[in-house]
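For reference, the structure discussed in these notes is given below.
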Amino acid sequence: MKFDHRFKLTSQTDSTRIYEADGNIARLDFISPTALRVACYKKGEALAGTYNVCPEGSMPYGGRDKLSLEGFECVNPQCNISESTESFTLSEGIEVRLDRKNFLLEYYLDGRKLFGDRAPLAYNFDGEFGGDLIHYISRDGDEKIFGLGDKGGRLNKSGRTFKIETTDTMGYNAEIADPLYKHIPFFICENEVGAYGIFYDTSATSYFDFGVEHNNYYEHYKFFKTEDNALVYYVFFGSKLEILKQFTHLAGRQAFPPKWSFDYCASTMAYTDAPDSEVQMNGFLEKVRELGLNCQGFYLSSGYTSIGDKRFVFNWNYDKFPKPEEFIRNFAENGINIIPNIKPAFLKDHPMYGELERRGLFVKNSDGTPFVTQFWDGVGSYLDFTNREAFDFWKSEVTEKLLDNGIICTWNDNNEFDIKDTEAKTQCGVPACRMRPDLTYLMDMASYEAQIEKRGNLRPFLSSRSGNVGVRRLAQTWSGDNRTAFEDLRYCHNIGLTMSLSGLYFYGHDLGGFSGCMPSRELLMRWLQHGLFEPRFTIHSWNDDGSSTMPWSYPDIIDSVKGIFAQRKRLIPYLYSCAYKSVYDEEPMNAPVFLYYDDAPCESDSMLVGRDILAAFVFDEGRESTKVYLPKGEDWYLGSRLYSGGQSVELAVPAYSSMPYFVRAGSVIPTDESGGGFRTEERLVLTVYPKERGSFTSEFFTDDGESFDYLSGKCTHLMLEVNCDEAEVRVKITNRGSTAFDGEIRLCEADGRRLAVED
């Protein structure tokens with residue numbers, strides 16, 4: 001009966017309970033002391049596998065069973081059962097209450113209702129709410145919502161609607177454009193009772209309404225809607241940081257990027273679009289050498305594959321690059337890795353299209369012919385990476401056309417798989433429109449495997465524009481083709497932090513703006529000042545007038561630019577050590593301050609870099625300072641001065657200068673004091689920023705920067721115990737790695753005490 005579904009318990013284990021009513025299955029899995037999974041689907045319905053969830057660390061080619069419990073802790077909660085209700089007691093004061101009529105769940109924290117399903121019906125069990133699957137839950141007037149991947153506008157997403165779908169959206173408005181490039185249906189909600197997180201495990205196009213819709217017959221609500229055939233979601237409890245860490249553990253550990261990728265990596269469309277591409281590239285190499293700019297990577301845009309005015313993946317244009325192997329070797333010998341652009345679609349006039357069609361390697365129409373859609377310079381077809389032959393073909397092409405020429409990494413671009421036709425088929429049987437981010441994942445997986453098989457112990461490096469949260473296991477990402485505008489700089493700041501709050505910790509932006517006119521001097525500098533603290537430090541452009549945004553675009557400010565580059569090189573040891581902690585402790589490299597400090601404002605022009613640096617930015621043209629809130633419970637160093645937390649400080653941030661930033665008292669910051677420059681050797685210094693009194697611990701990691709040898713202990717992994725009294729700061733060092741520390745330890749300039757170091 002519609003609106004009246006009486007569920008009965010049909011089977012159970014210690015951690016799982018399965019219920020049925022009117023041809024519907026509802027399932028509860030208690031996967032940890034502070035998390036559970038809920039699944040609702042039609043009896044007999046086949047559930048597609050998932051590439052999102054991978055707590056055990058290894059994702060099979062065919063994906064993971066969406067209802068698998070492998071890798072979960074699983075708990076047996078205390079259960080109380082009455083005639084029509086049940087309650088389950090988890091840890092940390094969490095209680096889950098179930099009303100079996102309509103399968104309504106409510107969640108309580110220390111006896112207070114945190115949130116719950118919307119009564120009297122929260123799910124579309126019998127078409128009561130139309131054709132799509134839907135989940136309605138309660139909404140509080142003061143709640144704040146964070147996450148959903150690369151979403152623009154405010155950090156707090158409450159009061160807005162969003163579409164979860166991957167889209168190639170060049171020149172998007174970072175304040176209002178939606179959707180963008182990522183597919184991550186995960187959010188953290190905070191209200192006056194506490195916080196919770198929900199992740200919907202689906203790859204189908206989906207929608208969130210966080211308070212726009214209102215209906216007089218129901219309490220205030222928000223909802224999730226999906227075009228999938230099953231509703232499977234996870235609920236997490238704890239602080240905002242604890243929820244984020246639970247989600248990222250669920251998704252699987254990030255790939256650990258090589259150290260060189262944290263240095264400046266250049267790019268521009270103009271060089272490879274030019275008929276004399278190699279001349280342009282060699283000119284770039286001479287310029288960074290002449291100016292003494294540190295640079296260890298170059299993202300090679302797709303013009304290197306051109307035939308005429310079109311781009312054909314895996315085709316080297318030998319007029320532009322007569323000897324690719326020599327070109328790549330020249331850059332490598334100068335310490336710069338070429339990162340080539342590759343795309344997953346083949347234009348119909350691609351030289352290989354006919355062969356791939358004959359082999360059946362494309363996504364297909366229902367009649368078996370290739371599905372054809374718009375792509376860049378014309379129409380073409382996407383490879384079907386669920387077809388093992390297509391997957392292996394991609395690996396072989398990456399190997400033969402790129403890796404065999406000396407390349408060690410790939411830029412996986414334009415991989416949104418823009419397929420909305422419900423008749424487009426994949427070999428695995430799931431409609432292509434329902435697994436677009438999975439196809440992205442498999443593309444990245446094929447590129448990753450090719451690098452592993454070619455280079456063995458060398459850690460792969462991939463950059464992927466699109467994807468699901470599972471892509472974190474393979475690649476870094478960026479915010480896509482942003483615009484050249486001050487307002488987009490401001491909102492890209494939020495997009496980056498939103499990606500961090502969604503599990504994509506290794507991210508960046510196209511500094512200066514990708515699409516539009518050449519950025520002004522001031523805008524370029526403000527972008528560089530922000531990029532200084534991002535995991536990815538890359539200038540990339542496709543300017544309207546055909547020019548390239550480069551560090552030397554304005555010769556009169558080159559000294560200011562060089563100052564930022566030198567500062568970036570100085571911070572690489574800190575960023576790399578933070579990256580290790582991000583991989584193994586699931587803590588973001590960039591985070592809004594409120595993730596760690598409840599007194600910090602929700603919307604802010606500042607961010608934490610790692611755990612110990614607080615950076616603040618100017619996003620408005622013509623301004624020279626910004627207001628920074630220093631959270632309570634900490635003291636903060638700024639140069640030679642120490643500030644108490646719990647106050648706002650006006651910070652001078654001149655446009656044409658290096659960046660000031662605060663350092664948390666009770667930290668040790670590793671830096672490279674070589675002075676920056678082209679191919680300078682690292683000179684490692686650990687600077688202690690002590691507390692006034694008491695003790696603290698800090699951690700530092702470094703290794704060869706490129707191999708997996710650190711897994712067998714071939715690294716420097718310092719645990720530092722610091723004790724502070726009136727006269728002395730004492731540092732005791734324990735090295736968990738087998739490589740001796742080769743550097744200096746010093747006390748910050750603001751502290752006049754004696755430093756004592758014990759190995």
Side-chain angles (χ1 to χ4, degrees), residues 150 168-172 174 180-181 257 260-274 277 280-281 283-285 287-288 293-305 311 331 336-343 376 409-416 461-466 475-485 488-489 492-493 495-496 499 506-520 523-554 561 564-565 568:
D150 56 347
D168 185 340
T169 178
M170 189 183 77
Y172 62 89
L180 298 180
Y181 302 92
W260 64 261
S261 68
F262 291 94
D263 205 344
Y264 170 55
C265 294
S267 190
T268 180
M269 290 282 292
Y271 286 5
T272 54
D273 280 355
S277 291
Q280 298 279 341
M281 291 292 297
F284 167 85
L285 186 57
K287 196 70 174 179
V288 291
L293 293 174
N294 42 293
C295 176
Q296 293 191 63
F298 198 105
Y299 286 90
L300 194 70
S301 291
S302 55
Y304 79 95
T305 69
R311 294 162 171 80
F331 268 70
I336 300 176
N337 292 292
I338 294 297
I339 315 167
N341 184 288
I342 47 179
K343 308 178 191 298
W376 265 78
C409 40
T410 55
W411 171 13
N412 297 261
D413 198 13
N414 300 97
N415 51 359
E416 291 74 31
F461 178 73
L462 294 80
S463 188
S464 180
R465 188 171 73 178
S466 186
Q476 62 138 240
T477 189
W478 79 105
S479 61
D481 297 339
N482 55 0
R483 294 191 309 169
T484 305
D488 279 59
L489 167 58
C492 278
H493 167 75
I495 287 175
M499 285 195 284
F506 298 142
Y507 76 88
H509 307 285
D510 283 349
L511 304 180
F514 176 79
S515 175
C517 58
M518 170 76 75
S520 68
L523 179 56
L524 177 59
M525 283 301 301
R526 291 306 190 195
W527 261 117
L528 290 175
Q529 288 174 339
H530 195 278
L532 169 64
F533 300 104
E534 298 166 12
R536 174 188 186 263
F537 185 55
T538 295
I539 301 172
H540 184 40
S541 63
W542 194 14
N543 297 333
D544 292 344
D545 62 0
S547 63
S548 304
T549 305
M550 283 289 158
W552 48 83
S553 289
Y554 296 104
V561 172
I564 293 291
F565 274 61
R568 175 68 176 201

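Given the structure is predicted, the values throughout are model-derived calculations rather than measurements.
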- Message: For Ser301 and Asp273, which I'm curious about, is there any donor-acceptor pair between the side chains at under 3.5 Å?
- Response: no
- Item | Side chains of Asp413 and Asn341, donor plus acceptor under 3.5 Å | yes
- Item | Member of Thr549, Asp544, Asn543 meeting the side-chain hydrogen bond (donor to acceptor under 3.5 Å, both in side chains) criterion with Ser547 | Asn543
Less than 4.5 Å apart, side chain to side chain, heavy atoms only: is that true for [X] and [Y]?
X      : Y      : answer
Leu528 : Ile539 : yes
Tyr271 : Ser548 : yes
Met518 : Ser553 : yes
Thr477 : Phe506 : no
Asn482 : Trp527 : yes
Ser479 : Asp150 : no
Cys265 : Trp260 : yes
Lys343 : Ser302 : yes

Going from [atom1] on [X] to [atom2] on [Y], what distance comes out if it is rounded to the nearest 0.5 angstrom?
X      : Y      : atom1 : atom2 : value
His530 : Cys492 : NE2   : SG    : 9.0 Å
Asn337 : Gln296 : CG    : CD    : 7.5 Å
Tyr181 : Met170 : OH    : CE    : 8.5 Å
Phe461 : Cys409 : CZ    : SG    : 6.5 Å
His540 : Thr268 : NE2   : OG1   : 7.0 Å
Leu293 : Tyr264 : CG    : OH    : 8.0 Å

Exercise: identify the closest heavy-atom pair between [X] and [Y]:
X      : Y      : value
Met269 : Arg311 : CE-NH2, 3.5 Å
Tyr172 : Asp488 : O-OD2, 3.1 Å
Val288 : Leu285 : CG2-O, 3.3 Å
Gly496 : His509 : N-CE1, 3.8 Å
Ala270 : Gly546 : CB-O, 3.7 Å
Asn415 : Ser464 : ND2-OG, 3.0 Å

- Show your working on side-chain contact (heavy atoms from CB on, under 4.5 Å) between Ile342 and Trp411 and close with a plain yes or no. CA-CA 6 Å; Ile342 47 179; Trp411 171 13; 5.9 Å; no
- Test log, rule side-chain contact (heavy atoms from CB on, under 4.5 Å), inputs Arg536 and Tyr299: CA-CA 12 Å; Arg536 174 188 186 263; Tyr299 286 90; 3.8 Å; yes
- Message: Between Ser463 and Trp478, is the side-chain contact (heavy atoms from CB on, under 4.5 Å) condition met? List the steps.
- Response: CA-CA 8 Å; Ser463 188; Trp478 79 105; 3.5 Å; yes
- Query: Should Asp510 and Arg483 count as an ion pair when the cut-off is N to O under 4.0 Å?
  - Reply: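 Looking at Asp510 and Arg483, the cut-off is not met.
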- List the steps, then state whether side-chain hydrogen bond (donor to acceptor under 3.5 Å, both in side chains) holds for Asp263 with Asn294. CA-CA 7 Å; Asp263 205 344; Asn294 42 293; 2.7 Å; yes
- Query: Is the Trp552-Phe284 ring centre distance short of 6.0 angstrom?
  - Reply: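 So the answer is yes for these two rings.
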- Message: Could you walk me through whether Arg465 and Asp168 satisfy the side-chain contact (heavy atoms from CB on, under 4.5 Å) test, starting with their C-alpha distance in whole Å, then the side-chain angles of each, then the deciding distance to 0.1 Å, before giving a yes or no?
- Response: CA-CA 9 Å; Arg465 188 171 73 178; Asp168 185 340; 3.0 Å; yes
